[in-house]
Amino acid sequence: LKAAWLEACAHGAADCRSLPGVARPANMATARPVVSIYKSDAPAEKSGTLPMPHVLMSPLRPDLVHYIHTNVSKNARQAVSVSPKPGYETAAESWGTGRAVARVPRAPGGGTHR
């Protein structure tokens, strides 16, 4: 796909980002081979550099970045309801002990209408 994209751009496509059927290659940031070390008492002063761990220099997978961003953004959702007090207007009560059922609140009604 990258070759097709580069070829289309080389042949004078007006906007290489919006070619139908041709995916644009992902421009991922390249890893820096060294990391700057700063002093804790003087954050503006650099004390040296260390090599970046090889684990952190692996290429980023755009599918994983999209998946994680999508699912982390779901944490900020807010509940939506048609009523300001949903679930509070029911007359549900527990049946108590002695009936061999769980002690969860049960709403009245729902039986047969005979």
Side-chain angles (χ1 to χ4, degrees):
L1 289 174
K2 185 174 183 179
W5 184 82
L6 290 173
E7 182 181 341
C9 288
H11 288 290
D15 187 7
C16 298
R17 291 173 290 180
S18 62
L19 291 173
V22 178
R24 180 179 183 201
N27 293 329
M28 302 305 290
T30 57
R32 294 175 52 202
V34 294
V35 179
S36 301
I37 307 296
Y38 293 91
K39 296 183 178 181
S40 61
D41 54 351
E45 191 175 334
K46 192 188 323 184
S47 67
T49 60
L50 284 176
M52 176 78 79
H54 290 288
V55 148
L56 299 177
M57 293 181 33
S58 61
L60 295 175
R61 287 182 43 192
D63 60 326
L64 287 181
V65 172
H66 180 266
Y67 175 80
I68 291 170
H69 180 270
T70 301
N71 288 319
V72 167
S73 67
K74 291 178 181 178
N75 292 335
R77 291 186 297 185
Q78 190 171 1
V80 178
S81 175
V82 295
S83 168
K85 297 193 314 184
Y88 289 103
E89 53 282 306
T90 182
E93 279 188 24
S94 172
W95 287 352
T97 60
R99 289 195 175 192
V101 293
R103 291 180 288 181
V104 295
R106 299 172 190 272
T112 58
H113 299 286
R114 293 186 191 195

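All values below come from the heavy atoms of this structure, side chains included, with hydrogens, waters and symmetry mates left out.
- Other residues sharing a hydrophobic cluster with Val72 under the 4.5 Å side-chain heavy-atom criterion for ILVMFWY residues are Tyr67, Ile68.
- Shown here for Pro105 and Ala92, the closest heavy-atom pair between the two residues is CB-CB, 3.9 Å.
- The side chain to side chain donor-acceptor pair (under 3.5 Å) contacts involving residues 95-106 comprise nothing, where partners must be two or more places apart or lie in separate chains.
- Residue pairs meeting the side chain to side chain donor-acceptor pair (under 3.5 Å) criterion with at least one partner in residues 46-55, sequence neighbours excluded, are absent.
- Distance check: His66 NE2 to Asp63 CG gives 10.0 Å after rounding to the nearest 0.5 Å.
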Fill in: salt bridge (Lys or Arg N to Asp or Glu O under 4.0 Å) evaluation trace for Lys39 with Asp41
CA-CA 6 Å; Lys39 296 183 178 181; Asp41 54 351; 5.9 Å; no
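- Connection of Val55 to Val35 is established within a shared hydrophobic cluster, with ILVMFWY side chains joined at heavy-atom distances below 4.5 Å, either directly or through further cluster members.
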